[in-house]
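Here the structure is laid out as structure tokens; the discussion comes afterwards.
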Amino acid sequence: MKLHVLSFGCQMNEADALELSYPFLARGFEPCAVLADADAVLVNTCTVRAHAEHRAVSAVGRLEAWKAARPGRLVVVAGCAAERLGPELRRRFPFVDLVLGARSVEETPALIARALEERGAGPAATDVRPPPGISAYLTVARGCGFACAYCIVPSVRGPDRPRALDRVLEEARRLADGGARELVLLGQTVNGWKDREGRVFADLLRALAEVPGVLRLRFMSPHPLFLDEALAAAMAEIPAVCPQLHLPVQSGSDRVLAAMGRGYTCADFLSRVRSVRARVSGLALSTDLLVGFPGETAEDFRGTLSLIDEAELAGAYCFKYSPREGTPSFALADDVEPRVKEERHALLLERAEGRRSAELRSWVGRSVEVLLETPTGGRTPQFHPARFASPAGAPGTLVEAEVTGCSQAGLLVQAARRRPLP
């Protein structure tokens, strides 16, 4: 028996899809890259933007013929769009066997296991989790406690639910024992993690840095309101924490930020960023920017363009606003013309790409440390892709390298020496 996984959306969805595949693997399914060869399909959906939801729903629709081609095939639809559209999905696609929403993602593996048992799939194995890659996702919290006007995540993923420290550490040890050397901590507002004993995200970073085998720690997506002095100090003091920060700001206009419900001003954002820069040498900062929010003026947009330079960004992910039913902003007039959104989006992309190119050029002639993901490629601590002309070592090795050039794809490097692993 073979399982084919289709996952849409963010890194959290990728991590969820992996977790949802475990019940299948435990009952004898093997991962399968070719849909035609599969006996079961898991579709993990996204709904953060209309386009992402449409892609996921279209993928589900195309599975009807696949399922009908062979008796006994199984279709499971999970994730954020499944949460938002559950009854509609069941009505439109009666051939789907299970529809499981994102709010109950912790219980979803058990529901899948029960369905497989009822279908007479093989007996469950004790532990069939595949070995992780060199870089592995580690979910530390689910849900979100904010209510940003444009965002549907709180309504489909529920309130913020941090995982207990001992559970996080247990999973971190399993990943490290399996060969992961870099852990990417995930949460909708990951740096807002706090447990019942009062330990905060900086404490979590310090604990994870002590796990044997863990060489690097990253996290996403942090919220500016939780970027405090304790976290800045932890980033500076813990060698494993990478000097890289993806900190979504969304807009460079205080008026738009207030309308979005973000809870901070541009000055607040820049102040927090400068505090981290003062402590963390070589910090690479990137962000998310949303253009065309209701009421955005030309002046508001100019503020966003200016912020890209003021924050000294190393890059940005730029998006066009689209109304999402179920969000506070859905009631607002979508009054920025599509043509204007396109123009502003193109300008943002051009400015952000210019910053990224300048960031990469600034590393030419300097030394970097590369964590190999393949024999000839890996990432620097700043998360820049680095490519060697010839094999530099085994995946998981840290290599000191000289940057000889750069391209749109990243840095071109030459190995100097391998760093002894602990």
Side-chain angles (χ1 to χ4, degrees), residues 3 5 7 10-19 21-22 25 30-34 127-140 168-186 205 208-220 238-244 246 282 284 286 314-315 360 363 366-422:
L3 170 69
V5 177
S7 187
C10 64
Q11 291 85 354
M12 180 73 80
N13 262 24
E14 291 183 40
D16 287 348
L18 181 61
E19 186 171 346
S21 72
Y22 293 153
L25 303 182
E30 297 177 358
C32 170
V34 180
D127 189 1
V128 293
R129 299 189 180 194
I134 299 303
S135 181
Y137 293 134
L138 174 55
T139 300
V140 303
V168 174
L169 290 175
E170 178 184 0
E171 186 170 348
R173 295 186 190 101
R174 180 184 64 78
L175 292 169
D177 289 345
R181 295 295 168 256
E182 175 181 89
L183 300 181
V184 184
L185 314 185
L186 300 179
L205 289 175
L208 287 168
E210 297 299 320
V211 174
V214 173
L215 302 179
R216 287 183 176 176
L217 292 170
R218 302 186 192 276
F219 52 91
M220 60 188 313
I238 304 172
V241 178
C242 292
Q244 178 248 336
H246 183 78
S286 56
L360 293 175
W363 285 95
R366 298 164 66 181
S367 296
V368 294
E369 182 183 76
V370 179
L371 176 61
L372 292 178
E373 298 173 351
T374 70
T376 58
R379 297 271 181 176
T380 72
Q382 288 77 16
F383 201 59
H384 299 321
R387 178 67 57 183
F388 296 86
S390 59
T397 304
L398 284 171
V399 178
E400 295 289 342
E402 299 293 329
V403 181
T404 59
C406 65
S407 68
Q408 288 185 333
L411 302 176
L412 306 176
V413 295
Q414 178 177 307
R417 66 181 179 87
R418 300 179 189 177
R419 192 183 109 182
L421 298 181

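Predicted model only: the values in this text are computed from it and were never measured. Heavy atoms only: backbone and side chains are in, while hydrogens, waters and symmetry mates are out.
Among residues two or more places apart in sequence or in another chain, the side-chain hydrogen bond (donor to acceptor under 3.5 Å, both in side chains) test is passed with Ser286 by His246. In this view, Glu373 satisfies the salt bridge (Lys or Arg N to Asp or Glu O under 4.0 Å) rule with no residue, not counting sequence neighbours. The side chain to side chain contact (heavy atoms under 4.5 Å, CB included) check on Leu3 picks up Val5, Ser21, Phe24, Phe29, Ala40, Leu42, with sequence neighbours excluded. Annotation: side chain to side chain contact (heavy atoms under 4.5 Å, CB included) contacts of Glu171 (sequence neighbours excluded): Leu138, Arg163, Arg174, Leu175. Under the rule for a salt bridge (Lys or Arg N to Asp or Glu O under 4.0 Å), Arg379 has no partner lying at least two apart in sequence or in another chain. Checked against side chain to side chain contact (heavy atoms under 4.5 Å, CB included), Pro239 has no partners two or more places apart in sequence or in another chain. In this structure Ser135 satisfies the side-chain hydrogen bond (donor to acceptor under 3.5 Å, both in side chains) test together with Glu182, sequence neighbours excluded.
Across Arg218 and Thr380, no two heavy atoms sit closer than the pair NH2-O, 2.9 Å. Across all their heavy atoms, Val413 and Val368 have their closest contact at CG1-CG2, 4.2 Å. Closest of all the heavy-atom pairs between Gly179 and Ile134 is O-CD1, 4.0 Å. Closest approach of Ala15 and Thr139 over heavy atoms only: CB-OG1, 3.9 Å. When all heavy atoms of Pro131 and Gly178 are compared, the closest pair comes out as CB-O, 4.1 Å. Nearest heavy atoms, Arg181 versus Gly396: CG-O, 4.0 Å.
Here the CG atom belonging to Asn13 is positioned 12.5 Å from the CG atom belonging to Leu18, to the nearest 0.5 angstrom.
Between Pro381 and Gln244 the shortest side-chain heavy-atom distance does not fall below 4.5 Å. Taking 4.5 Å as the limit, every side-chain heavy atom of Phe219 sits out of range of all side-chain heavy atoms of Cys242. Between Leu398 and Arg216, some side-chain heavy-atom pair lies under the 4.5 Å cut-off. When side chains are defined from C-beta on, Leu372 counts as touching Val399, because their heavy atoms get closer than 4.5 Å.
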Using atom types as modelled, flag every donor-acceptor pair under 3.5 Å from a side chain in residues 384-392 to any protein atom, sequence neighbours excluded.
{"unit_1": "His384", "atom_1": "NE2", "unit_2": "Glu359", "atom_2": "OE2", "d": "2.9"}
{"unit_1": "Arg387", "atom_1": "NH1", "unit_2": "Thr376", "atom_2": "OG1", "d": "3.1"}

Would you list the atom pairs, donor with acceptor, under 3.5 Å between side chains in residues 402-411 and any protein atom, with sequence neighbours excluded?
{"unit_1": "Glu402", "atom_1": "OE1", "unit_2": "Ser367", "atom_2": "OG", "d": "3.3"}
{"unit_1": "Glu402", "atom_1": "OE2", "unit_2": "Ser367", "atom_2": "OG", "d": "2.8"}
{"unit_1": "Thr404", "atom_1": "OG1", "unit_2": "Leu412", "atom_2": "O", "d": "3.2"}
{"unit_1": "Ser407", "atom_1": "OG", "unit_2": "Ala409", "atom_2": "N", "d": "3.2"}

Next item on the list: Show your working on side chain to side chain contact (heavy atoms under 4.5 Å, CB included) between Gln11 and Val184 and close with a plain yes or no.
Entry: CA-CA 9 Å; Gln11 291 85 354; Val184 184; over 6 Å; no

Note to self: If you apply the rule side chain to side chain contact (heavy atoms under 4.5 Å, CB included), what do you find for Leu208 with Leu185, and how did you get there?
What the structure shows: CA-CA 10 Å; Leu208 287 168; Leu185 314 185; 3.6 Å; yes

